[in-house]
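Here's the structure, in structure tokens; my notes come after.
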Amino acid sequence: MSRTAEIASEHQFSADECDSLRRALLSWYAHHKRELPWRDIGDPYAVWVSEIMLQQTQVATVIDYYHRWLERFPTVEDLARAEREDVMELWAGLGYYRRARFLHESAAVVVDEMGGEVPRTVKQLKSLKGIGPYTAGAIASIAFDEPVPVVDGNVERVLSRLRAISGDPKATANQKLYWALAGDLVDPDAPGDFNQAMMELGATICTPQSPTCMLCPVREHCIAFAEGEPTEYPATAKRTRQRPMTVGTSVVVFGTGRAERFLVVKRPPDGLLGGLWEFPTVVDEDGKASSVDAYLEQCLATAGLETSEPNDLGELVHHFSHIRMTIRAEARRLDTEEPPEGAAEFDQPVDWVSRDELERLPMSAAMRKVLALYEQA
DNA sequence: AATTCGGGGTA
DNA sequence: TACCCAGAATT
């Protein structure tokens, strides 16, 4: 027997355990599930939207975005026809902006190449950008009743505790184990509800820090509970530490009062904050803050912008999961009578927008902070 | 196998 | 603070 198979068999559920776990979990879910807007809707497109939004994003955060999205893009055709700019506007603030771009592109593929029908199988679903193993399983089981499992962070934790599985939960061997166990366990008669029940248990009972085991419907089956320290499982994932980054940002303003206009630049579609707008920003990867000011000055001059002396707005720190970004912010006024038509020297699209337009523009949380600094000053 | 993608909830 | 969230793509 291969090592992998050995490990798998060591943790495998017996047929009786499977049966008992399914019944207990489904019964608990029926009584205790949270009422969420994407539950029991039967619309594959809406399920798809919800699952993309829920990637690495908590339920409470998603709900408002989900409602706004389906109001604006009720069908996959509506989304496929939409402008990228409108798509990004509705996604702004949710993070991982690639998800919005892929969802938009995949909607077009579904409409143009799949007859407008969301695919029903895991294989076909995974062929779409932005849909990986988890999301494919979720859509197939929830929207189409395909008896396939899902493994997300919740399921990893629940299974780790049920079977006392140690080691890095993201390691390949453990991932194969989770998928095998989830595949054995999933109820073929109610795969959607079963998968959601596993995740619901992880989200509300079998939580990372202080699980409420006394309310758990499957604690009799849980090895970690029997051992007495359920939080021993799973092992804490090792995370990449935040790299430092320093940027200089300039709020360039033309006009006053109602005529006030802000210079904004659109970031390239790929990479960090892809497709979002920002105030002109230069990056100093080395973190040598002293050089940022001069670089920014040069950049604006190159763009043909004659400005007043900068008004220092101070510094702020913005944390991403993988970056600790120090933002040196300043404000400048344009000296000329008219704003230039564009700023052709910028590599990316630019625009001059009013304060109201700025509010609706897809911008990152970091840039909102810069705007707040400007408004205070 | 490791890194790159946000932003916010929570203890 | 540190951890984690209904992960996927890329290198």
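The chains referred to below are lettered A, B, ... by the order of the sequence lines, with proteins before strands, and numbering in each begins at 1. Just the heavy atoms: all of them, side chains too, but no hydrogens, waters or symmetry mates, feed the values below.
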Checklist entry - Which part of the nucleic acid, if any, lies within reach of A:S50 when heavy atoms closer than 4.0 Å are counted: base, sugar-phosphate only, or nothing? => result nothing
Checklist outcome for this item: Whole-Å distance, A:L103 CG to C:dA8 P, equals 13 Å
Checklist entry - Are A:R267 and A:Q348 close enough that some pair of their side-chain heavy atoms sits under 4.5 Å apart? => result no
Item to check | Integer-rounded Å distance: C:dA6 P and A:R39 CZ | outcome: 11 Å
Next on the checklist: Considering every strand and a 4.0 Å limit on heavy-atom distances, what is the contact class for A:G202: base, sugar-phosphate, or nothing?
Outcome noted: nothing
Checklist entry - With a 3.5 Å cut-off and just heavy-atom distances, do the side chain of A:T57 and the base of B:dG7 make a donor-acceptor pair? => result no
Checklist entry - Does the base of C:dA8 carry an N or O that pairs as donor and acceptor with the side chain of A:R98 under 3.5 Å? => result yes
Checklist outcome for this item: Taken to the nearest whole Å, CE/A:M199 to C1'/C:dC5 is 13 Å
Checklist entry - For atom P, what is the distance between C:dA6 and B:dC5, given to the nearest Å? => result 23 Å
Checklist entry - A:T236 has a side chain; which of C:dC4, B:dT4, C:dA6 sits nearest to it? => result C:dC4
Checklist entry - Do A:Y374 and A:F262 make the cut of ring centroids closer than 6.0 angstrom? => result yes
Checklist entry - Under 4.0 Å between a side-chain N or O of A:R239 and OP1 or OP2 of C:dC4? => result yes
Item to check | Side chain of A:Q58 - closest among C:dA8, B:dG9, B:dA2 | outcome: B:dG9
Next on the checklist: Taking any heavy-atom pair under 4.0 Å as a contact, classify A:S210: base, sugar-phosphate, or nothing.
Outcome noted: nothing
Next on the checklist: With the six-membered base ring of B:dG6 as reference, does the ring of A:Y96 sit under 5.5 Å away with planes under 30° apart?
Outcome noted: yes
Next on the checklist: Ignoring hydrogens and geometry beyond distance, is the side chain of A:S321 in donor-acceptor contact with the base of B:dG6 at under 3.5 Å?
Outcome noted: yes
Item to check | A:R99 CZ - C:dG7 C1' separation (whole Å) | outcome: 9 Å
Checklist outcome for this item: Between A:I131 and A:Q196, whichever has its closest DNA chain C nucleotide further toward 5' is A:Q196
Item to check | Protein-nucleotide distance (A:L54, atom CG; B:dG8, atom C1'), rounded to Å | outcome: 14 Å
Next on the checklist: Does A:W91 reach a base, just sugar-phosphate, or nothing at all? Heavy atoms under 4.0 Å.
Outcome noted: nothing
Checklist entry - Side-chain N or O of A:Y97 less than 4.0 angstrom from OP1 or OP2 on B:dG7? => result yes
Checklist entry - What nucleotide among B:dT4, C:dT10, B:dG6 has an atom nearest to a side-chain atom of A:K129? => result C:dT10
Checklist outcome for this item: Among the nucleotides B:dG7, B:dG6, C:dA6, whichever has the atom closest to the side chain of A:H318 is B:dG7
Item to check | Whole-Å distance separating the CG atom of A:L94 from the C1' atom of B:dG9 | outcome: 14 Å
Checklist entry - A:Y134 near the nucleic acid: base, sugar-phosphate alone, or nothing, with a heavy-atom cut-off under 4.0 Å? => result base
Checklist entry - Taking OP1 and OP2 of C:dG7, is either one under 4.0 Å from a side-chain nitrogen or oxygen of A:Q56? => result yes
Checklist entry - Taking the side chain of A:H322 as heavy atoms from C-beta outward, which of C:dA8, C:dA6, B:dC5 is closest to it? => result B:dC5
Next on the checklist: Regarding A:A60, tell me which of base, sugar-phosphate or nothing describes its non-hydrogen contacts under 4.0 Å with the strands shown.
Outcome noted: nothing
Checklist entry - Taking the same atom, P, in B:dG8 and in C:dA9, what whole-Å distance lies between them? => result 24 Å
Checklist entry - Between A:H319 (NE2) and B:dC5 (C1'), how many Å, whole number? => result 18 Å
Checklist entry - Looking at A:F13, is A:R163 sitting on its ring face, NZ or CZ under 6.0 Å from the six-membered ring centre and within 45 degrees of the normal? => result yes
Checklist entry - Pick the nucleotide of DNA chain B nearest each of A:I323 and A:Y65; which residue has the one closer to the 5' end? => result A:I323
Item to check | A:W277 and A:E85: side chain donor to acceptor below 3.5 Å | outcome: yes
Item to check | Short side-chain N/O contact to C:dC5 OP1/OP2 from A:R157, under 4.0 Å | outcome: yes
Checklist entry - In terms of heavy-atom contacts, does CD of A:E357 have more than 12 from other residues, nucleotides or ligands at under 6.0 Å? => result yes
Next on the checklist: Return the OG to CZ distance between A:S250 and A:F279, rounded to the nearest 0.5 Å.
Outcome noted: 10.0 Å
Checklist entry - Can a donor-acceptor pair be found between the side chains of A:Q124 and A:T121 at a distance below 3.5 Å? => result yes
Next on the checklist: Considering every strand and a 4.0 Å limit on heavy-atom distances, what is the contact class for A:L36: base, sugar-phosphate, or nothing?
Outcome noted: base
Checklist entry - Looking at CG of A:L371 and OG1 of A:T249, how far apart are the two atoms once the value is rounded to the nearest 0.5 Å? => result 12.0 Å
Item to check | Given C:dA9, B:dT3, B:dG7, the nucleotide with the shortest approach to the side chain of A:F102 | outcome: C:dA9
Checklist entry - Taking the side chain of A:Q209 as its heavy atoms from C-beta onward, which of B:dG7, C:dC4, C:dA8 lies nearest to it? => result C:dC4
Checklist entry - Rounding to a whole Å, what distance do you find between A:R324:CZ and B:dG7:P? => result 17 Å
Checklist entry - Among C:dA6, B:dG7, B:dT4, which is the nearest nucleotide to the side chain of A:V59? => result C:dA6
